[in-house]
Amino acid sequence: MTGADAYNRLESTVAGRQVVNEDVVNLPNWLFLRFRARRTDGTWSPWFSPGTHTLLDHRHTLDLRRGTLARSSRHRNDELGVLNVEQTRLVHMEDPHLAALRTVFTAEDWTGQIEIESSLDGDVINGNVHRYRALDRHHLNHVRTGAQEPHTIWLCCRTSTSDITVALAARTTVRADEAPVSSVLRPTRHRAVHRLVVPISRGRPVTVDKTVALHTSRDTAISDALGEAVERVSVAADFPALFDSHVAAWERLWRRTDVQVPGEAGRILRFHLFHVLQTLSPHTAELDVGVPARGLHGEAYRGHVFWDELFVLPYLNLHLPEVSRALLNYRHRRLPRACAAASAAGRAGAMYPWQSGCNGREESQEWHLNPASGRWLSDHSRLQHHVGSAIAYNVWQYCEATGDTEYLHTKGAEMLLQIARFWADLAVFDHETRRYRIRGVVGPDEYHDGYPGAAKPGLDDNAYTNVMAAWVLTRTLVLVRRLPAWRREELFQRVRLSADVLPEWEEVSRRLRVPFHQGVISQFEGYDDLAELDWGAYRARYGTIRRLDRVLEAEGDTVNRYKASKQADVLMLGYLFSPTELRALFRRLGYHLDDEIWRSTVDYYLQRTSHGSTLSELVHGLVLARARRADAWQYVHEALEADIADIQGGTTGEGIHLGAMAGTLDLIQRGLTGLETREDALWLDPVPLPALSEYGFPLHYRGHWGVGVRRRSGQLEIAVPDSEESAIRVVLADRAVTIAPGETCTLLLPND
């Protein structure tokens, strides 16, 4: 169990260096429940486990629809007989402070007694990621335990530096034909234990229900975390009632978010959606949290917030907009810290961190371990300033999808202005090229963090960075012009900005440099001067080379010398923007971009990308669906299987890849439909992909709940539910239609 907003910072000594890392904290274990049987001689058998008893059968079942995990097993004790154990686990979707565990024991061929130990364990560490083993992983201290008769134990502790109080209370009850022989509550130093001895008869089930409440000092509307946890668990409903309300909450959630795709792809997409909703549900709207790259399912990346919301919010905007707004508020609350970071670097505006945690300071490590060589290397990923553009993009897209002008004109405008301010200040005019240039950055590729042999890290004129900076400046200027005069004046006063800078921003937005070579867009200035890599030789030698940077470093080489990318960089532009909008962006910058140049660019980087990130196949799949359909499915299929098949060889065990999972949902919603929300309309430009020729999903658009979008048999059906809202305008490449509430429109798709 991890706390979405429970971070803690520790200092460790690694390879003779002092390093400080902030981690999302692994909280006390509430799941602990073990059992054993009394032998015929009156002694107790060892606690049941696969190592102590013969395991006849074992099965795990994840019920996505109802949000439960079931475990069933049959154990044989050579002296007594067979014990069947059925267990159901849930983390309550209606009340986020509650969780429950029901365990049903059935003795198949014997009668006697079983002892059950239900515990809360505070002796936990952040031990999920093996390569972090050299770091201090003990985040919890001041552990206290106690009990409240007749059924409740509790545990309270604090994080060591952030001083967050964490409190859990557990109520364990037994339902059987006979009352328990004994029930003992035993608080110890790091564990609170409830032990019960229960009679069990052949074929007669014994049901043990464990209900747990969790509160932290960061919760709102509480006075004392421990008191709240004890009180909440004491008044919680029994397991059947909790189960029913939990399932009902999931049913409501699925109704708002589900994706209907037939076959195996549909099952994987629902699996992805389930994981997204476990991390980002309507409860998130009440929290001060961002989008952790690995969700809340593992400790990789230490629970930090990168740019992954760029792949998550496009889906949430049209299903759970209140969650999108909360995630944007996480960024807005940290705007002062981003402005302070820019100022400390001698820059204006807001310089958001590449890795963010509790308070928005830069959490990117300065050194990272290459497990292939065992060496610690300097880490320059903090130079990925394009995270600011991702935040601005998300603000704009959220407001376009929801029509939330109040947010756009207030918090959204503040973020856009400060991010635009940063880019305008970072861009330097070059008299030789008569262009503005942005130097010393790292792009989304991440492999290239400097030029071969250069004394300083960073690259010049990363195409993605520069185009996104131009887009941010352009959108901000549009917003400023649209603002009411009084609001514009108020906003400029608030952020201490003079309107005199706007002509300069206009110029920078039109004259940022985008490098080209050999008729394609260059990833950055000087990319064409790098050596070509013998991809075939490296694949033959190593098999998988997804993490080519580690392979080369272990050989004493560096990926900085080669035309090789970890993941999509230039092609990210085709992921974020439709072909029409991308051409317009380049035209505004004074560059010609036609279909031939873009297809050549796509082909060029396809041959030079190792896909070291699960996001890479996702981006390539969507881009190819538009640029070269025949090859798209290979990448879409790999994106779908990234976690379910653990294609990176072990990373899924450290936590699922939330951005990639959400991105596959967006690939259906936006990639295959060409869906855009702009100019007060839904714009659609469907792309035929034979392997995904049928799909459907609901949308929450501009006050309309449950707009149905379904594609099948060469038709696109749009159903607007009956309401008092205005009609929806839908624009396709060759026509525009207006659909009133209560109406369904069926559109024939050409070339399908």
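Using a cutoff of 4.0 Å between basic side-chain nitrogens and carboxylate oxygens, K566 and E446 are scored as salt-bridged. R488 has no carboxylate O lying under 4.0 Å from a charged side-chain N of E490, or vice versa, which leaves the two without a salt bridge. A salt bridge does not link E22 to R361: none of the charged side-chain nitrogens sits closer than 4.0 Å to a carboxylate oxygen. Between D5 and R218 there is a salt bridge, since a side-chain N of the basic residue sits under 4.0 Å from a carboxylate O of the acidic one. Salt-bridge check for R513 with E525: passed, with a basic side-chain N closer than 4.0 Å to an acidic carboxylate O.
Residues L512 and R435 form no side-chain contact, since every pair of their non-hydrogen atoms from C-beta on lies 4.5 Å or further apart. A heavy-atom distance below 4.5 Å is found between the side chains of L310 and L576. Side-chain contact between V428 and Y436: absent, with no pair of heavy atoms (C-beta onward) separated by less than 4.5 Å. Using a 4.5 Å heavy-atom cutoff, the side chains of Q355 and V305 are not in contact. Within the 4.5 Å cutoff, side-chain heavy atoms of L320 are placed close to those of E322. The shortest distance between side-chain heavy atoms of S381 and D449 does not fall below 4.5 Å. Between W683 and L675, the closest side-chain pair of non-hydrogen atoms is not below 4.5 Å.
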Q.
For R252 and E94: C-alpha separation, side-chain torsions, deciding distance, then whether salt bridge (Lys or Arg N to Asp or Glu O under 4.0 Å) applies.
A. CA-CA 10 Å; R252 294 191 295 271; E94 185 173 70; 3.4 Å; yes
Q: List the steps, then state whether salt bridge (Lys or Arg N to Asp or Glu O under 4.0 Å) holds for E506 with R511.
A: CA-CA 9 Å; E506 179 76 30; R511 302 184 67 181; over 6 Å; no
Q: Check the pair F422 / Y352 against ring pair (Phe, Tyr, Trp, His ring centres under 6.0 Å), numbers first and verdict last.
A: CA-CA 10 Å; F422 173 76; Y352 276 96; 9.6 Å; no
Q: Determine, step by step, whether D288 and R334 satisfy the side-chain contact (heavy atoms from CB on, under 4.5 Å) criterion, reporting the C-alpha distance in whole Å, the side-chain angles of both residues, the deciding distance to 0.1 Å, and the verdict.
A: CA-CA 10 Å; D288 177 33; R334 287 149 185 81; 2.8 Å; yes
(Q) Applying salt bridge (Lys or Arg N to Asp or Glu O under 4.0 Å) to R678 and E581, what does each step give before you reach the verdict? (A) CA-CA 11 Å; R678 56 184 170 90; E581 191 170 5; 5.1 Å; no
Q: Applying side-chain hydrogen bond (donor to acceptor under 3.5 Å, both in side chains), run through T465 and W423 and close with a yes or a no.
A: CA-CA 10 Å; T465 301; W423 286 128; over 6 Å; no
Q: Take L716 and T746 through the test side-chain contact (heavy atoms from CB on, under 4.5 Å) and record every step on the way to the result.
A: CA-CA 6 Å; L716 188 67; T746 301; over 6 Å; no
**Q.** Working for side-chain contact (heavy atoms from CB on, under 4.5 Å), residues V472 and W396
**A.** CA-CA 9 Å; V472 172; W396 191 266; over 6 Å; no
**Q.** Step-by-step side-chain contact (heavy atoms from CB on, under 4.5 Å) determination, V441 to D460
**A.** CA-CA 7 Å; V441 300; D460 300 337; over 6 Å; no
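Annotation: salt bridge (charged side-chain N to carboxylate O under 4.0 Å, His left out) contacts involving residues 400-417, sequence neighbours excluded, comprise R325-D404, R325-E406, E414-R494.
Remark: aromatic rings of Y464 and F524 are distant, center separation not under 6.0 Å. Here the two rings, on H431 and F429, have centers that are under 6.0 Å apart.
Atoms CG and NE2, from L277 and H275 in turn, are 11.0 Å apart once rounded to the nearest 0.5 Å. Between N317 atom CG and D666 atom CG the span is 9.0 Å, to the nearest 0.5 Å. Rounding to the nearest 0.5 angstrom, the gap separating the CE atom in M415 from the CG atom in N394 is 9.5 Å. Note that the CZ atom of R294 and the CG atom of L658 stand 10.5 Å from one another [nearest 0.5 Å].
Using modelled atom types, no side-chain atom of D258 and backbone atom of W254 make a donor-acceptor pair closer than 3.5 Å. The closest donor-acceptor contact from the side chain of T673 to the backbone of Q669 lies under 3.5 Å. Side-chain atoms of R626 do not come within 3.5 Å of backbone N or O of V687 as any donor-acceptor pair. Looking at E362, its side chain does come within 3.5 Å of a backbone N or O of W354 through a donor-acceptor pair. Side chain of S281 to main chain of Q278: no donor-acceptor pair is present (N/O by atom type, distance under 3.5 Å, no hydrogens or angles). At distances below 3.5 Å, at least one donor-acceptor pair connects side-chain atoms of Y315 with backbone N or O atoms of T257. In terms of modelled atom types and a separation under 3.5 Å, the side chain of D219 and the main chain of T216 share a donor-acceptor contact. Not a single donor-acceptor pair under 3.5 Å links the side chain of H304 to the backbone N or O of P292.
Taking the ring axis of W705 as reference, the NZ or CZ atom of R256 does not stay both within 45° of it and closer than 6.0 Å to the ring centre. In this structure, R302 fails the cation-pi test against Y7, since its NZ or CZ atom is not both closer than 6.0 Å to the six-membered ring centre and inside 45 degrees of the ring normal.
Tested against Q523 for a side-chain hydrogen bond (donor to acceptor under 3.5 Å, both in side chains), the candidates D445, T601, N462, D461 yield a single pass: D445.
The minimum heavy-atom distance between A420 and W505, with the atom names listed, is CB-CZ3, 3.8 Å. Closest approach of L615 and A660 over heavy atoms only: CD2-N, 3.5 Å. Residues D308 and A293 come closest through the heavy atom pair OD1-CB, 3.8 Å.
At most 12 non-hydrogen atoms from other residues, nucleotides or ligands lie less than 6.0 angstrom from CZ of R496.
Under the 30°/60° scheme for interplanar angles, the aromatic rings of F577 and W471 are found to be tilted. Taking the six-membered ring where tryptophan is involved, the planes of H386 and W307 are perpendicular, since the angle between them exceeds 60° and thus also 30°. The aromatic rings of Y527 and Y605 sit tilted, their planes meeting at an angle between 30° and 60°. Ring planes of Y695 and F697: parallel class, angle under 30° (limits at 30 and 60°).
A donor-acceptor contact closer than 3.5 angstrom is absent between the side chains of S616 and Q567. Between the side chains of R702 and T402, not a single donor N or O lies within less than 3.5 Å of an accepting N or O.
Applying the side chain to side chain donor-acceptor pair (under 3.5 Å) criterion to H385, with sequence neighbours excluded, gives no partner residue.
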Using atom types as modelled, flag every donor-acceptor pair under 3.5 Å from a side chain in residues 723-735 to any protein atom, sequence neighbours excluded.
from : atom 1 : to   : atom 2 : distance (Å)
S723 : OG     : E725 : N      : 3.2
R735 : NH1    : L748 : O      : 3.4
R735 : NH2    : L748 : O      : 2.9

